[in-house]
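What follows is one structure encoded as structure tokens, with my remarks underneath.
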Amino acid sequence: MASLGLAFGKVWPILAALLFFGLIIMTHEGGHFAAAKLFKVKVNEFAVGMGPVLWKKQGKETQYSVRLLPIGGYCAMEGEDEDSEHDRAFNNKPPWQRAIIILAGATVNILTGIIIMAIILGTSDLIGTPGISGFYGDKASQEQGLEVGDRIVAVNNHVVRTSYDLSYFMMRDPDGVIDFVVERDGKKEAIRSVKFQTEEVEGTSTVVYDFSILGVKPTPGNVLKYAFLNSFSIVRIVWDSLIDLVTLNYDLKQLSGPIGTVGAIAETASDAVKTTNYSSLLLILAFIAINVGAYNLIPFPALDGGRFLFILFEGITGKRVSRKVEAAINSAGMALLLGLMVIVTVSDVMKFL
């Protein structure tokens with residue numbers, strides 16, 4: 001019994017992580033499904049997962065299925081990938097309706113992240129802001145012009161609205177010499193070339209803080225405000241990270257796929273149960289939900305953002321892109337994404353060995 005309990009203790013966090021990952025996929029595809037039904041589009045299949053079927057059930061017109069690989073899912077609509085004469089086909093709906101259907105999945109993911117973020121903030125003692133509450137250590141940045149009470153509004157010419165923005169743009173600084181714009185006594189003031197100490201973390205030079213950020217007591221107003229602002233800070237980080245990857249400023253080994261994501265959730269879930277502090281678990285769940293939404297909005301072939309571009313082109317010009325051309329572009333995009341998925345999955349596996 002002891003060995004059985006020990007085995008279950010190791011397995012349950014992974015099962016919980018797989019369940020959450022499946023729920024994220026389900027909410028994404030559920031967004032497409034709900035929007036399709038709203039505009040009376042025929043849905044042929046609603047699937048969670050990819051690959052071989054584990055379970056399926058035929059509804060009135062839609063087949064519902066769960067598939068083996070928890071790396072995606074789909075909402076297969078009539079006329080989505082081929083022309084159909086069916087009066088309820090996706091391809092026969094006006095561009096604005098198709099655009100809403102395509103964007104609904106990512107929108108639901110981001111809204112899910114915002115709700116989780118609001119729960120985190122609403123149950124916190126303080127909400128972090130990009131303000132300075134004090135200094136510690138050698139207080140070098142205070143000696144160079146920063147002051148208690150300053151609200152940081154820009155770092156190296158990047159707009160800062162949240163503590164997430166502040167830490168992200170300071171982390172990205174290559175040499176620890178940072179330009180700030182702060183709001184002080186109602187006026188904006190530039191504080192140039194503030195030098196911070198740096199340290200090596202996993203081969204990367206990282207700025208060492210010598211100030212603490214200002215926290216504010218949660219209220220319904222600022223919980224709602226920072227739930228949205230923090231969530232869209234995460235969206236910006238996802239997009240910036242993609243640009244870094246494309247421009248070779250980002251190490252591919254730092255990416256995580258489904259295996260790495262499930263591992264991170266499982267580890268955090270296990271720690272949360274041990275400490276009875278679930279804030280870290282909720283935070284990583286919010287990050288993943290928002291990441292999935294932001295990733296799908298990228299205007300890349302085969303992703304929702306790429307499909308939206310074709311619809312946008314049609315809406316502006318009145319001309320639909322050839323099905324063959326669209327299919328070829330999406331197939332090429334899917335091949336690249338699958339190739340990246342294989343590389344990232346191998347990298348995830350190697351991290352566990």
Side-chain angles (χ1 to χ4, degrees), residues 22-111 292-341:
L23 287 173
I24 289 294
I25 296 167
M26 189 181 297
T27 56
H28 179 90
E29 299 304 331
H32 293 310
F33 182 83
K37 290 296 186 181
L38 176 66
F39 296 118
K40 303 187 185 307
V41 172
K42 183 176 183 289
V43 178
N44 296 323
E45 183 177 1
F46 180 87
V48 177
M50 307 289 280
V53 175
L54 296 178
W55 172 88
K56 66 179 179 180
K57 179 178 177 60
Q58 182 63 49
K60 186 176 180 180
E61 70 174 15
T62 304
Q63 176 180 284
Y64 301 91
S65 65
V66 176
R67 296 175 178 266
L68 179 63
L69 304 175
I71 58 173
Y74 55 87
C75 174
M77 296 173 282
E78 179 74 22
E80 181 181 6
D81 295 316
E82 72 289 319
D83 287 326
S84 171
E85 298 302 321
H86 197 288
D87 60 348
R88 292 174 53 212
F90 178 81
N91 62 286
N92 292 326
K93 297 296 180 178
W96 69 271
Q97 291 186 6
R98 282 183 277 134
I100 291 174
I101 294 169
I102 288 297
L103 296 178
T107 301
V108 170
N109 285 141
I110 292 173
L111 287 175
V292 170
Y295 173 78
N296 273 280
L297 289 176
I298 294 168
F300 187 83
L303 294 178
D304 293 342
R307 293 178 181 272
F308 172 72
L309 280 184
F310 287 113
I311 298 172
L312 182 63
F313 174 82
E314 179 187 345
I316 293 173
T317 66
K319 298 179 181 179
R320 182 173 292 188
V321 176
S322 163
R323 278 288 188 179
K324 289 184 178 180
V325 171
E326 183 176 351
I329 293 173
N330 283 330
S331 295
M334 181 60 72
L336 287 171
L337 290 174
L338 289 175
L340 179 62
M341 181 67 72

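Note that these values count all heavy atoms, side chains included, but never hydrogens, waters or copies made by symmetry. Quick caveat, the model's predicted, so the values are computed rather than measured.
Shown here are the side-chain hydrogen bond (donor to acceptor under 3.5 Å, both in side chains) partners of Asp87, two or more places apart in sequence or in another chain: there are none. Residues that satisfy the side-chain hydrogen bond (donor to acceptor under 3.5 Å, both in side chains) test with Lys42, not counting sequence neighbours, are Asn44. Taking the side chain to side chain contact (heavy atoms under 4.5 Å, CB included) definition, one finds that Ile25 meets it with Phe21, Glu29, Val48, sequence neighbours left out. Scored by the side-chain hydrogen bond (donor to acceptor under 3.5 Å, both in side chains) test, Glu314 finds Arg98, Arg320 as partners (sequence neighbours excluded). Judged as a salt bridge (Lys or Arg N to Asp or Glu O under 4.0 Å), and not counting sequence neighbours, Glu85 has no contacts. For Ser84, the side-chain hydrogen bond (donor to acceptor under 3.5 Å, both in side chains) partners at least two apart in sequence or on another chain are Glu78. Every residue two or more places apart in sequence or in another chain that forms a side chain to side chain contact (heavy atoms under 4.5 Å, CB included) with Ala104 is listed here: Ala35. Under the side chain to side chain contact (heavy atoms under 4.5 Å, CB included) criterion, Leu38 pairs with no residue, sequence neighbours left out. The side chain to side chain contact (heavy atoms under 4.5 Å, CB included) test applied to Leu68 returns Pro52, Leu54, not counting sequence neighbours. Remark: Lys37 pairs with Glu61 by the salt bridge (Lys or Arg N to Asp or Glu O under 4.0 Å) rule, at least two apart or across chains.
Not a single donor-acceptor pair under 3.5 Å links the side chain of Glu326 to the backbone N or O of Arg323. Looking at Glu82, its side chain does come within 3.5 Å of a backbone N or O of Gly79 through a donor-acceptor pair.
Between the OG1 atom in Thr62 and the NZ atom in Lys57 there is a gap of 12.5 Å [rounded to 0.5 Å]. Distance check: Phe300 CZ to Asn330 CG gives 10.0 Å after rounding to the nearest 0.5 Å. To the nearest 0.5 Å, atoms CG (Leu309) and CG (Asp304) are separated by 11.5 Å. Note that CD1 of Ile110 is 11.5 Å distant from OG1 of Thr27, once rounded to the nearest 0.5 Å. With rounding to the nearest 0.5 Å, the separation of OG1 in Thr107 from CD1 in Ile100 is 9.5 Å. Lys56 contributes atom NZ, which lies 5.0 Å from atom CD of Gln63 (distance to the nearest 0.5 angstrom).
A side-chain donor-acceptor contact under 3.5 Å links Glu45 and Ser65.
The stretch residues 306-331 participates, sequence neighbours left out, in no ring pair (Phe, Tyr, Trp, His ring centres under 6.0 Å) pair at all. Counting only residues at least two apart or in different chains, ring pair (Phe, Tyr, Trp, His ring centres under 6.0 Å) contacts with residues 23-81 comprise His28-His32, Phe33-Phe46, Phe39-Trp96.
Residues Ile24 and Val292 share a closest heavy-atom pair of CG2-CG2, 3.8 Å. Across every non-hydrogen atom of Ala36 and Met77, the tightest pair is CB-SD, 3.8 Å. Considering every non-hydrogen atom in both Asn296 and Leu303, the closest pair reads O-CB, 3.9 Å.
In this structure, Asn92 and His86 have side chains that are not in contact, with every pair of non-hydrogen atoms separated by 4.5 Å or more.
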